[in-house]
Amino acid sequence: MQISITKTTHPKQKPDETKLGFGKIFTDHMFMMNYSGAKGWHDARIVPYGDITLSPSSMVFHYGQEMFEGLKAYKGKDGKARLFRPDMNAKRANKSNERLCIPQIPEDMFVEAVKAVVEVDKDWIPSAPGTSLYIRPFVIATDAFLGVAPSDTYLFMILLSPSGAYYESGLEPVGIWIEDEYVRAVRGGMGFAKTGGNYAASLAAQVKAHDDGYSQVLWLDGVERKYIEEVGAMNIFFKINGTVVTPMLNGSILPGITRDSVIHMCKDWGYTVEERKIDVHELEQAFADGTLEEVFGTGTAAVISPVGKLRFGDEVMEIGGGKIGPLSQKLYDTLTGIQWGDLKDPYGWSVVID
Ligand SMILES: *Cc1c(COP(=O)(O)O)cnc(C)c1O
């Protein structure tokens, strides 16, 4: 793929690495590529970061035909930039594209575009402990047309945003609200796709949970309203009586790359891992029996997020006495060790860019 590069003449000052937060600061450049039915994907380019112009009738604004991805670049102590399983993001992007009638992006093209734009802005990868460069690829439908149909034209972009350490004061367990009113997705819907509409559907429940002092929502299935699905932007795992249990991918759950990695490592370490339906009442029972040993979320942003409190109706289940469990900690240490290049990577997941 030919990628033209136009460098900024006004490089911005790099931010203070102790005050990055998430998703508010952007680097000097971004990737863009257009699609039309006649030309296919064309005009791949890296340009200075800035506003773009679109017709107000662009389809994405009206019917939400869009998909996004999320991954990170990590700078190790050796100064090298690394990605984590970017081929998985490329594959998942195309699953989302397929569901949303967006044209496929060849996987090697997707990964090459990510590498190229990170390479141009590699000085923006922060190096303070726990910090990284968040990478946000996305595709939007750009036909200027109010009819309901798949667009003929699209824009694929990649933005880069230096992001702070997720945990400022260690791995603090979070409180999770098991949602029994709203649902996020149903089988046959778009739950497995990374698309804005799923997040639009989630906001009302998230606001409610926040108002009650819970940081995230745990969704139940949309039909029987009793099987565990996933957390806001994380998959969920339970350690029950020594066995690692997580909801199976049923079409309404996002197939997380961290989820896949955790399953792989747990099996490698000799745990029994069950991907299956989990009834919320089974959790209540395990909690009552004292066999609910650990609960944690998995996702690119937090890696491993220990859950210390689960609210369901009038019941509040406190897990792990406010501390991260040993398996959660080991998973966190191993995954982040591989991502930053501090540990040997026996799985071939880490991809060095330079
Ligand atoms: C992105 C995402 C995840 C986590 O996926 P990772 O690939 O592990 O980052 C989980 N759930 C939802 C809804 C997501 O959008």
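Each ligand, and each atom within it, is numbered from 1 in the order the structure gives. This chain uses plain numbering: 1 for the first residue, then up along the sequence. Computed from a prediction, not measured in an experiment: that's the story for all the values here.
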A.B. asks: Report every pair formed by an N or O atom of ligand 1 and a protein N or O atom separated by less than 3.5 Å, giving atom names and the distance to 0.1 Å.
C.D. replies:
from	atom 1	to	atom 2	distance (Å)
ligand 1	7 (O)	Arg92	NH1	2.8
ligand 1	7 (O)	Arg92	NH2	3.2
ligand 1	7 (O)	Ile257	N	2.8
ligand 1	8 (O)	Ile257	N	3.3
ligand 1	8 (O)	Thr258	N	3.0
ligand 1	8 (O)	Thr258	OG1	2.6
ligand 1	9 (O)	Thr300	N	2.9
ligand 1	9 (O)	Thr300	OG1	2.6
ligand 1	11 (N)	Glu230	OE1	2.6
ligand 1	15 (O)	Lys194	NZ	2.7
ligand 1	15 (O)	Tyr199	OH	2.5

A.B. asks: Using 30° and 60° as the class limits, which term best fits the ring planes of His264 and Trp349: parallel, tilted or perpendicular?
C.D. replies: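 Correct class here is perpendicular.
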A.B. asks: Assign the ring pair Trp340 / Tyr74 to parallel, tilted or perpendicular, where the plane angle (0 to 90°) is split at 30° and 60°.
C.D. replies: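 Correct class here is perpendicular.
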A.B. asks: Indicate if Leu159 and Ile52 have the same hydrophobic cluster label, given that clusters are the connected sets of ILVMFWY residues with side-chain heavy-atom separations under 4.5 angstrom.
C.D. replies: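 Yes, Leu159 connects to Ile52 through the hydrophobic network.
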A.B. asks: Will you find, in the side chains of Thr272 and Thr243, an N or O donor that is under 3.5 Å from an N or O acceptor?
C.D. replies: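 Per modelled atom types, Thr272 and Thr243 side chains form no pair under 3.5 Å.
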A.B. asks: With ring-ring contact (aromatic ring centres under 6.0 Å, His included) as the test, pick out the partner of Phe68 among Phe138, Tyr199, Tyr134, Phe156.
C.D. replies: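 Of all the options given, the one that passes is Tyr199.
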A.B. asks: Decide whether Glu98 and Asn94 meet the rule of one side-chain donor and one side-chain acceptor closer than 3.5 Å.
C.D. replies: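 Distance-only check fails for Glu98 and Asn94.
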